[in-house]
Novice: 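Before I ask anything, here is the structure I am working with.
In what follows, chains carry the letters A, B, and so on, assigned in the order in which the sequence lines appear, proteins first and then strands, with residues in each chain numbered from 1. The basis for the numbers below is simple: all heavy atoms, side chains too, and nothing from hydrogens, waters or symmetry mates.
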Amino acid sequence: MTKEKKNKPSKDLPLGFVDRQEKELLVRDFIISNIKEVMIKYGFQYLETPSFEYSDSIGKFLPDKERPDEGVFSFKDENKWLSLRYDLTAPLARYVAKNYLEIPKPFKRYQLGTVWRNEKPGPGRFREFLQFDADYVGTKSLQADAELCVMISEILEKCGLMKSEYTIKISSRKITEELFKKLNISDSQQKLTALRALDKIDRLGWDGVKELLGKGRKDKSGDFTKGANLKLEDIKTIEETLKKNSPETEDLVEILKTFKDYNFNNFEFDPTIIRGLEYYTGAIFEVNLKFDVTNNKGQVIQFGSIGGGGRYDNLVNNFGNYDAPATGISIGLDRLVYALMQKKEFKVKQSKPVVICVFDKNLMKDYINVQTILRKAGVSTEIYPGESKLKKQMEYADKIKSPAVILYGENEMKSGKLILRNLSSGEEKLIEIREIVNEIKKIIRSNN
RNA sequence: GCAGCAGUAGCUCAGUUGGUUAGAGCACUAGUUUGUGGAACUAGGGGUCGGUGGUUCGAAUCCACCCUGCUGUACCA
C-alpha cells in the first residue's frame, strides 16, 4: 500500500485483454491435449505461423487505407503496415500460396494460436483469444467438409460434452444465393443487410428478423437498427423457403449423405446460419452449445457459438495463381473453456507441492536431501521459500492447498525421523525418512 | 459506434430534506499460542467516495462534461 500515486504505471489492462489463471489454463491444456490426439488420428499436420503478417496479407478488405486500425491491431514498420492476425485462415492461405509447390495436395493442417481483434468485447469475448483451426486445402471433395464436422464433434465429446449439450448446424451459402436470384434481389447492400438479419435468428426469432428484413427494429435498450427494406412478399417468400428445413442444394445433399456413412447425426440443418460474410463459398458450419451460460453474477448471457467454419474456394487464389479450393473449421478455445468450466466440475489433477518447513537455516542440507528424495520419486515438493515462523509456513502451505507438510526440526533429527502432517485431516505421523515417499503418495491418493 | 444501467477500502456493498476526523462483512497484518494451517477472540493498516469543473458557508450526496465497467445492439473480414 503505497501513498505515492503520481506517475505510477496503471494496473488496469487494456479493454478486452485479461489475465488468465491456472484453473482456467489447466482446463485449456486439457482441451488442447484432446485436440492434438484427435488431430493425429485424423492425419492433420501441425503448423505455426507468426503473429504478425503484412496487413494486406491478412484480408483483402482490411486494413482500410485510411483507417488501418479498424478491426485489427496494426502499426507501420518502415514503410509497410503490419497487423496482428485476426484469424488463422488468412495466414494459412498465405502459407499455402507461398509453399504451394512443396506441400502435399490436399494439404491438411491444424493450428493453435492467439488471434487479436480490435473490436468491442462482449460476454466471453475478448480482443485477444486462442483459436484452434483445422483445414483441408486443395480439395473440392465434400467428404472433407463432412469429416471436419465429425472431427469437431469427436473433440467436444472427448472434452466431456454430451451429444445433447451441443450441435453442429450446417447450411450452404448456395441456398441464400439462389433465393436472392429468384427474388431478383441484386442490390449488394440489401443482400448484405438481409444476410446479417438472417444470421440473428437464434437471438431475435423470426419476428425480429422479419423487422430487420423490412424497415428495421428497435432493441431492448431503445436503439434502432435499420433494416434491409425488402418487399413484404419477398420477406414472406424468404421465411417460407428457409423454414422448409429440407436441404436441397447439391453440396448439402452430399454432405448429409456422408454424415450418414459416418453414422454421425448430431447436426441440424439450419438455412439461417450465415457466418462470415465474404469468403465462404459453399457449405458453412457453426458449433453451438445447447445449455445456458452465465456471467459471474449468475445472469444468463448471449453466448453465441463457440466456433464454425465452411468452404472457401477462392481465398488461396487471392495470393497468386494457384487454385486451391479449401474448407476449414475453427473453435474459440477460451470460449469453450469458459462454457465447459460452468458445465463440468474439473478435477485439477495437478498436485500441489508438499511443503518442507524450515526450522533452522543451518539444517538446509537435510531439507534439500528430503526434497531430492521426493522429487526423484515424482512428488511435487518445495522447501518453504523464505524465513518465517512456523505458523506462517503452515498458513502458506494451507493457502496453496498443499496436501502435506514435513516438520523436520532438531528434535526429529535426533531420532532420525520426521513428522508428516496431512493437511486435509490434520493427522500427524512420525516416520522414518525412507517411508516418506510411500506415506505421501498415500495422502495424495486419498485426496483424489 | 449507438442505447440503458452503474462506479464508495483488495472484494461485496451500506451511506438523501447536502453538515463534524466516511462505515460494515470478507480478505490482509500483528497478537492470544516465541515448533504447528483451517475456528474463535483482540488490536491494526488500508479510501484525494472514478476524474475534472461548477453550485454552496459546506458535496460521496446536486449540476455539467469526461473516463471506466456491465448489459443489449451494430460490426466481427
Side-chain angles (χ1 to χ4, degrees), chain A residues 1-6 10-16 55-64 67 70-72 83 85-90 93 115-127 129 192-193 195-197 199-200 203-204 208 211-212 216-227 274-280 294-297 299-305 308 312 315 318 332 355 357-360 363 384 388-413 418-428:
Chain A
M1 307 293 155
T2 171
K3 293 237 157 100
E4 302 157 47
K5 292 217 163 144
K6 277 187 176 174
S10 171
K11 297 185 288 278
D12 298 335
L13 290 168
L15 178 67
S55 297
D56 57 4
S57 307
I58 66 170
K60 56 176 172 166
F61 305 102
L62 281 169
D64 188 310
R67 301 174 63 188
E70 182 75 5
V72 293
S83 298
R85 62 187 175 206
Y86 62 80
D87 70 6
L88 299 176
T89 311
V115 302
W116 294 266
R117 296 192 181 181
N118 193 356
E119 297 163 359
K120 190 206 149 186
R125 298 186 68 171
F126 305 103
R127 296 208 292 177
F129 54 99
L192 209 63
T193 310
L195 285 176
R196 284 172 183 157
D199 197 31
K200 295 174 178 63
R203 290 207 313 264
L204 309 179
E211 283 173 3
L212 284 174
R217 174 180 178 272
K218 200 186 243 185
D219 72 47
K220 256 201 292 196
S221 69
D223 196 22
F224 186 78
T225 309
K226 262 168 72 179
I274 303 297
R275 303 292 305 164
L277 294 164
E278 293 298 338
Y279 68 51
Y280 291 120
T294 56
N295 63 11
N296 56 10
K297 288 180 185 155
Q299 303 164 302
V300 174
I301 52 178
Q302 285 294 343
F303 197 65
S305 71
Y312 52 99
L315 195 60
N318 286 340
V355 174
C357 292
V358 176
F359 287 79
D360 184 345
L363 303 175
Y384 177 79
S388 304
K389 285 195 278 191
L390 194 53
K391 184 180 159 90
K392 294 288 302 167
Q393 304 194 30
M394 299 288 289
E395 279 170 359
Y396 168 79
D398 186 45
K399 182 94 181 173
I400 66 168
K401 296 193 165 67
S402 166
V405 294
I406 288 168
L407 302 168
Y408 194 29
E410 252 178 89
N411 300 345
E412 291 75 26
M413 281 187 194
L418 46 73
I419 295 172
L420 179 64
R421 183 183 174 96
N422 180 331
L423 284 183
S424 49
S425 69
E427 184 197 359
E428 276 183 10

Novice: Please state whether the phosphate of B:C76, meaning OP1 or OP2, lies under 4.0 angstrom from any side-chain nitrogen or oxygen of A:R196.
Specialist: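 It does, given that an N or O in the side chain of A:R196 lies less than 4.0 Å from OP1 or OP2 of B:C76.
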Novice: Is it the case that the side chain of A:S402 and the backbone of A:A404 share a donor-acceptor pair, with hydrogens and angles ignored and the cut-off at 3.5 Å?
Specialist: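 Pair found, side chain donor or acceptor close to backbone of A:A404.
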Novice: For A:F359 and B:G35, are the ring centres under 5.5 Å apart with planes inclined under 30°?
Specialist: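 No, A:F359 does not stack on the base of B:G35, since the centre distance and plane angle fail the 5.5 Å and 30° test.
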Novice: Parallel, tilted or perpendicular for A:Y312 and A:Y280, by the 30°/60° rule?
Specialist: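 Ring orientation, 0 to 90° scale: perpendicular.
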Novice: Using the P atom as the point on both nucleotides, what is the distance between B:U73 and B:G18, in whole Å?
Specialist: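 One P to the other, the span is 39 Å.
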Novice: Looking only at atom P, what distance separates B:A22 and B:U48, rounded to whole Å?
Specialist: 13 Å
Novice: In terms of heavy-atom contacts, does CD of A:E410 have more than 12 from other residues, nucleotides or ligands at under 6.0 Å?
Specialist: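 Open: at most 12 neighbouring heavy atoms sit under 6.0 Å from CD of A:E410.
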Novice: Take the protein atom CZ of A:R127 and the nucleotide atom P of B:A77, then report the distance between them rounded to whole Å.
Specialist: 17 Å
Novice: Answer with base, sugar-phosphate or nothing: what part of the nucleic acid does A:L15 contact at a heavy-atom distance below 4.0 Å?
Specialist: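 Answer is sugar-phosphate: A:L15 comes under 4.0 Å of backbone atoms only.
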Novice: Provide, to the nearest angstrom, the distance between the NZ atom belonging to A:K389 and the P atom belonging to B:U34.
Specialist: 8 Å
Novice: Does the side chain of A:R275 get closer than 4.0 angstrom to OP1 or OP2 of B:A77 through an N or O atom?
Specialist: no
Novice: Between A:E428 and A:I419 (side chain of the first, backbone of the second, donor and acceptor by atom type, cut-off under 3.5 Å), is there such a pair?
Specialist: no
Novice: Roughly, in whole Å, what's the span from CD1 in A:I400 to P in B:G38?
Specialist: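 These atoms are roughly 15 Å apart.
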Novice: In whole Å, I'd like the distance from the CZ atom of A:R217 to the C1' atom of B:C75.
Specialist: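 Checked: the CZ to C1' distance equals 16 Å.
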Novice: Has the side chain of A:K120 got a donor or acceptor atom sitting under 3.5 Å from an opposite partner on the base of B:U73?
Specialist: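 Present.
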Novice: Tell me what A:N411 touches on the nucleic acid: a base, only sugar-phosphate, or nothing, going by heavy atoms under 4.0 Å.
Specialist: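 Base contact.
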Novice: Paired with B:G38 by Watson-Crick or G-U wobble geometry, both distances under 3.5 Å: which nucleotide is it?
Specialist: none
Novice: Under 4.0 angstrom, heavy atoms only, what part of the nucleic acid is A:E395 near: base, sugar-phosphate, or nothing?
Specialist: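 The residue A:E395 makes sugar-phosphate contact but no base contact.
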Novice: Are any of the side-chain heavy atoms of A:F129 and A:V115 separated by less than 4.5 Å?
Specialist: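 SC-SC contact between A:F129 and A:V115 confirmed.
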Novice: Both distances under 3.5 Å, Watson-Crick or G-U wobble: report the partner of B:C62, or none.
Specialist: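 The base-pairing partner of B:C62, which may sit in any strand shown, is B:G54.
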Novice: Using only modelled atom types and a 3.5 angstrom limit, is any donor from either the side chain of A:R125 or the base of B:C76 paired with an acceptor on the other?
Specialist: yes
Novice: Counting only distance, no hydrogens or angles, is the base of B:G31 paired donor-acceptor with the side chain of A:K391 under 3.5 Å?
Specialist: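 Flag unset: no donor-acceptor pair detected.
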Novice: Here's a test for you: under side-chain contact (heavy atoms from CB on, under 4.5 Å), which of A:E211, A:K200, A:K226 qualifies with A:R217?
Specialist: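 Testing A:R217 for a side-chain contact (heavy atoms from CB on, under 4.5 Å) against A:E211, A:K200, A:K226 leaves exactly one candidate, A:E211.
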Novice: Classify the side chain of A:Q393 versus the base of B:U36 as yes if they form a donor-acceptor pair under 3.5 Å and no if they do not.
Specialist: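 Checked by distance alone, the answer is no.
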Novice: Using purine N1 to pyrimidine N3 plus N6-O4 or O6-N4 for Watson-Crick, or N1-O2 and O6-N3 for G-U wobble, each under 3.5 Å, what pairs with B:G44?
Specialist: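 The base-pairing partner of B:G44, which may sit in any strand shown, is B:C28.
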Novice: Given the C1' atoms of B:G58 and B:U21, what is the spacing between them in whole Å?
Specialist: 16 Å
Novice: Could you check how far CD of A:E428 sits from P of B:G38, rounded to whole Å?
Specialist: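 So the CD-P distance, A:E428 to B:G38, works out to 14 Å.
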Novice: Toward the 5' end of RNA chain B, which comes first, A:K399 or A:E412, by nearest nucleotide?
Specialist: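 Counting from the 5' end, the first nearest nucleotide belongs to A:K399.
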Novice: Could you pick out which residue, A:E410 or A:T193, lies toward the 5' side of RNA chain B when each is mapped onto its nearest nucleotide?
Specialist: A:E410
Novice: Look at the side chain of A:R127 and the backbone N and O of A:L15, then say whether any donor-acceptor pair between them is shorter than 3.5 Å.
Specialist: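 Between the backbone of A:L15 and the side chain of A:R127 there is a qualifying donor-acceptor contact (under 3.5 Å).
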Novice: Below the 4.0 Å mark, does B:C75 have OP1 or OP2 next to a side-chain nitrogen or oxygen of A:K200?
Specialist: yes
Novice: So what does A:S424 hit on the nucleic acid, given a heavy-atom distance under 4.0 Å: a base, only sugar-phosphate, or nothing?
Specialist: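 Result for A:S424 = base.
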Novice: To the nearest Å, how far apart are A:K392 NZ and B:G38 C1'?
Specialist: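 Those two atoms, NZ and C1', are 14 Å apart.
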Novice: Rounded to whole Å, how long is the line connecting atom CD1 of A:I274 with atom P of B:C75?
Specialist: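 In whole Å, B:C75 P and A:I274 CD1 are 12 Å from each other.
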Novice: Tell me: CZ of A:R203 to P of B:U71, nearest whole Å?
Specialist: 14 Å
Novice: Check whether any side-chain N or O of A:K401 sits under 4.0 Å from OP1 or OP2 of B:G37, and answer yes or no.
Specialist: no
Novice: Does B:A3 have a Watson-Crick or wobble partner in any strand here, with both distances under 3.5 angstrom, and which is it?
Specialist: B:U71
Novice: Using the P atoms only, state how far B:U17 lies from B:A60, rounded to an integer number of Å.
Specialist: 15 Å
